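Have a look at the structure below, then the notes.
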Amino acid sequence: MSDHEGKGLWPLNADGELAAGLVQEDSTEKSASIAPVFALYCRAWDLAQADGSLLNRLEHAAEALALSRAIAALVQEAIGGSAGLRWAVKVSEAEHLVMVVRDALTDREEGYS
């Protein structure tokens, strides 16, 4: 995922600025930085789509799915709204990628490819 694409995934407040509590630590118990989780998600997503063994791609797709679910939950809890919906779409995309790679791996093991 490019830097340009990644910026569109960050939740924004009404002023169009990055939502507080998600990008940096603050003093509330509910807020936490999602920056490390987001970086891990981007890396897993890129590796899941890269050329390589299907088993490795499936592993990275599953990681991306788990991380996208975690980010979606954090975003929904912190700000909800359209940012929550955007991450719900990312969860759906990751679920689809897991299914596609898993099916390709299954087909190859069964000798269809």
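Just so we're clear, the structure is a prediction, and the values are computed from it rather than from any experiment.
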Ser53 and Asn56: side-chain hydrogen bond (donor to acceptor under 3.5 Å, both in side chains), yes or no, with the steps? CA-CA 5 Å; Ser53 77; Asn56 285 341; 3.2 Å; yes
Any residue meeting side-chain hydrogen bond (donor to acceptor under 3.5 Å, both in side chains) with Glu93, in chain and number order, not counting sequence neighbours: Lys90
Quick one: pull up CD in Glu59 and CG in Leu54 and give me the separation to the nearest 0.5 Å. 13.0 Å
Tell me which donor-acceptor pairs under 3.5 Å the side chains of residues 61-72 have, and how far apart each pair is, sequence neighbours excluded?
from	atom 1	to	atom 2	distance (Å)
Glu63	OE1	His60	ND1	3.2
Ser68	OG	Ala64	O	3.2
Ser68	OG	Leu65	O	2.9
Arg69	NH2	Glu95	OE2	3.0

Tightest non-hydrogen contact, residues Leu97 and Ala48, listed as CD2-CB, 3.6 Å
Are the aromatic ring centres of Trp87 and Tyr41 under 6.0 angstrom apart? yes
Rounded to the nearest 0.5 Å, what's the gap from CE on Met99 to CG on Leu58? Could you check? 12.0 Å
Are Ile34 and Val89 linked, directly or through other ILVMFWY residues, by side chains that come within less than 4.5 angstrom of each other? no
Linking I/L/V/M/F/W/Y whenever their side-chain heavy atoms sit closer than 4.5 Å, directly or via other members, would Leu47 and Leu105 fall into one cluster? no
Looking at Arg57 and Asp51, would you say the former's side chain and the latter's main chain have a donor-acceptor pair under 3.5 Å? no
